[in-house]
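The structure under discussion appears below in the form of C-alpha cells.
Hydrogens, waters and symmetry mates play no part in the numbers below; they use all other heavy atoms, side chains included.
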Amino acid sequence: CFFIAPADTSFVFEHREPLSRLLFTFVQHTSANYVLLSLILSGILCFIQAIILNNIVNDNKIAPRKNYLAGLFFIIFSSFFKEVLFLSPASLSLTFLLLAVERIFSLFKMEKPNTAIFDVGFFVAIASLFYFPSILFLIFVFIGLATIRPFAYNEWLIILVGFLSPFIVVFTIYFWRDQTYLLPADLLNLHNGGWLHAVTFTDIDGILLAIVSLVTISLSVMLPAALYSNLIQVRKFSTLAVLFILFTIISFFLQQTISLSHFVLLALPLGIISTLVLGQLKNKLVSEVIHLILILLVLAGQYLPLFNLF
C-alpha cells in the first residue's frame with residue numbers, strides 16, 4: 001500500500017519534545033530516504049518490544065504455560081494503523097513504558113525493590129521526553145505500586161526522584177544553552193497551539209477506531225471469565241492492563257494534533273489480555289478463526305486509508 005499511497009510521515013517532525021526532536025532530526029539527516037529508514041527502524045523496534053512483552057508475560061507466569069502469544073498479539077495490535085508502522089514518538093515512548101511495566105510486575109515478590117522502583121519513575125520520564133502524553137502514566141505507576149505492594153512512603157518518593165532525574169538533566173542542558181524560556185513549550189509540545197488544536201479526522205479514521213474499540217471492549221468483557229481460576233497476582237496484573245487501556249484513552253487528549261500513531265500504546269495491554277483470554281481456548285478451530293479475523297482487521301487498517309484518495 002506504500003507504493004500506491006506514499007505515507008505522510010511529517011507528523012513526527014511536529015513533535016518538539018526534547019528527545020523526539022533530537023532523534024528525528026538526526027535520523028532525517030542521515031538518510032536520503034527517510035520513509036524507508038523509518039520503516040526498518042520501526043520494524044526492529046517492534047520486534048524488540050514484542051520480546052520484552054513476551055518476557056513480561058512468561059517471567060510473571062501470566063499465561064498458564066510459556067508461549068509466544070503475547071509477542072504475537074503485540075505485533076498484530078501494533079500494525080492496525082498505517083501511521084504506527086513508522087518510527088514515531090509514541091512508539092519510542094512505548095518502549096520505556098514497557099520497561100516500566102516490567103519493573104512494576106517484578107515488584108510483586110521483590111525483597112529489595114528500591115532500584116526497580118527508581119527505574120519505574122525514570123522510564124516514565126524518558127517516555128514523556130519522547131512523547132508528552134506518556135506523562136499521564138506517572139499516575140498509572142503509582143496505582144500499580146499501590147496494587148502490587150503495601151504502601152510505603154519512601155517507595156513513592158523514590159518513584160518521584162526517578163521521574164524528576166531526567167527532567168533535571170534536560171533543564172540543565174537548556175539552562176547551559178540559555179534556552180530555558182523554550183523548555184515549557186518543548187516539554188508540553190505546544191509550539192503551534194494548544195492540545196487538539198488541529199483535529200483532522202476522516203471517516204476512514206473513525207471506522208478504524210471503531211474496529212479497535214470493538215476488539216478492545218470484546219477482550220475486556222471476556223477477561224473476567226478467563227481470570228476465574230487464576231492466581232491473585234495474575235488478577236492484579238490484568239487489572240493494571242485494563243487501567244493501562246484507560247490511561248491510553250485519556251492521554252489521547254494531550255496530543256497537539258490528532259495522530260492514530262498514539263494507539264500503538266494499546267498494543268501493550270491488549271497483548272497481555274489477549275494472551276489471558278485467547279490462550280485458554282481449548283478449541284483450536286476457534287483460535288485459528290480469531291487469529292484470521294485479527295489478521296484481516298490489520299489488513300483493513302492498512303488498506304482502508306487508500307479510499308481517502310478517491
Side-chain angles (χ1 to χ4, degrees), residues 9-30 34 37-50 52-53 74 78 81 83-104 118-141 159 162-174 179 182-192 195-196 244 247-269:
T9 59
S10 61
F11 71 93
V12 302
F13 302 108
E14 297 175 1
H15 285 266
R16 304 294 295 176
E17 294 94 336
L19 292 183
S20 282
R21 183 174 59 174
L22 178 66
L23 177 65
F24 286 105
T25 300
F26 174 77
V27 172
Q28 185 183 29
H29 288 89
T30 55
Y34 171 78
L37 179 60
S38 180
L39 276 170
I40 294 172
L41 293 177
S42 180
I44 295 172
L45 182 63
C46 182
F47 180 73
I48 294 172
Q49 291 170 339
I52 294 174
L53 182 63
F74 178 89
S78 296
F81 302 110
E83 293 85 349
V84 172
L85 299 186
F86 299 93
L87 196 64
S88 67
S91 62
L92 290 165
S93 73
L94 176 59
T95 305
F96 295 96
L97 292 177
L98 272 164
L99 293 173
V101 169
E102 187 273 332
R103 295 296 194 278
I104 291 175
F118 178 90
D119 289 346
V120 170
F122 183 85
F123 287 138
V124 172
I126 297 297
S128 304
L129 290 172
F130 274 111
Y131 186 58
F132 175 72
S134 299
I135 199 170
L136 197 64
F137 287 92
L138 179 62
I139 302 174
F140 168 82
V141 300
I159 285 184
F163 179 77
L164 292 175
S165 296
F167 287 99
I168 293 173
V169 174
V170 170
F171 174 81
T172 302
I173 294 172
Y174 273 72
Q179 294 181 337
L182 294 174
L183 183 58
D186 282 355
L187 290 176
L188 301 177
N189 191 33
L190 290 178
H191 280 278
N192 299 317
W195 292 317
L196 300 182
F244 198 101
F247 278 93
T248 298
I249 295 171
I250 297 174
S251 62
F252 174 81
F253 298 98
L254 296 182
Q255 295 183 95
Q256 187 181 50
T257 56
I258 291 286
S259 173
L260 295 181
S261 65
H262 174 84
F263 292 102
V264 70
L265 301 181
L266 284 176
L268 191 165

Contact summary for [X] and [Y], nearest pair of heavy atoms:
X    : Y    : value
F171 : L183 : CD1-CD2, 3.7 Å
P89  : F130 : CB-O, 3.2 Å
L39  : F86  : CG-CE2, 3.6 Å
L136 : S251 : CD2-N, 3.7 Å

Side-chain touch [X]/[Y], heavy atoms, less than 4.5 angstrom:
X    : Y    : answer
F24  : H15  : no
V120 : V101 : no
L182 : Y174 : yes
F96  : V124 : no
P166 : F122 : yes
L87  : L37  : no
V141 : I104 : yes

Quick check for you: to the nearest 0.5 Å, what is the distance between [X] atom [atom1] and [Y] atom [atom2]?
X    : Y    : atom1 : atom2 : value
I52  : L97  : CD1   : CG    : 11.0 Å
S93  : I126 : OG    : CD1   : 11.5 Å
Y131 : L265 : OH    : CG    : 6.5 Å
I159 : L164 : CD1   : CG    : 11.5 Å
F123 : L98  : CZ    : CG    : 11.0 Å

Margin query: Set out, in order, the CA-CA distance, both residues' side-chain angles and the distance that settles side-chain contact (heavy atoms from CB on, under 4.5 Å) for F163 and I135, then state yes or no.
Written below: CA-CA 10 Å; F163 179 77; I135 199 170; 3.7 Å; yes
Margin query: Does the plane of the ring in F137 sit parallel, tilted or perpendicular to the ring in F140? Use 30° and 60° as the thresholds.
Written below: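 Ring orientation, 0 to 90° scale: perpendicular.
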Item checked: Option among R21, R16, Q255 that satisfies the side chain to side chain contact (heavy atoms under 4.5 Å, CB included) test with N189 ->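 That would be R16.
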Under 3.5 Å, which donor-acceptor pairs link side chains of residues 41-50 to any protein atom two or more places apart or in another chain?
unit_1: S42; atom_1: OG; unit_2: L85; atom_2: O; d: 3.1
unit_1: Q49; atom_1: NE2; unit_2: S91; atom_2: O; d: 2.8
unit_1: Q49; atom_1: NE2; unit_2: T95; atom_2: OG1; d: 2.8

Checklist line | Side-chain donor or acceptor of H262 paired with backbone N/O of T248 under 3.5 Å | finding: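 Side chain of H262 to backbone of T248: a pair is present.
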Check: Is S134 reaching over with its side chain to a backbone N or O of S128, donor-acceptor style, under 3.5 angstrom?
Finding: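 Side chain of S134 to backbone of S128: no pair is present.
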Margin query: Run the side-chain hydrogen bond (donor to acceptor under 3.5 Å, both in side chains) test against S261 and tell me which residues pass, sequence neighbours left out.
Written below: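 In terms of side-chain hydrogen bond (donor to acceptor under 3.5 Å, both in side chains), with neighbours along the sequence ignored, S261 is linked to S259.
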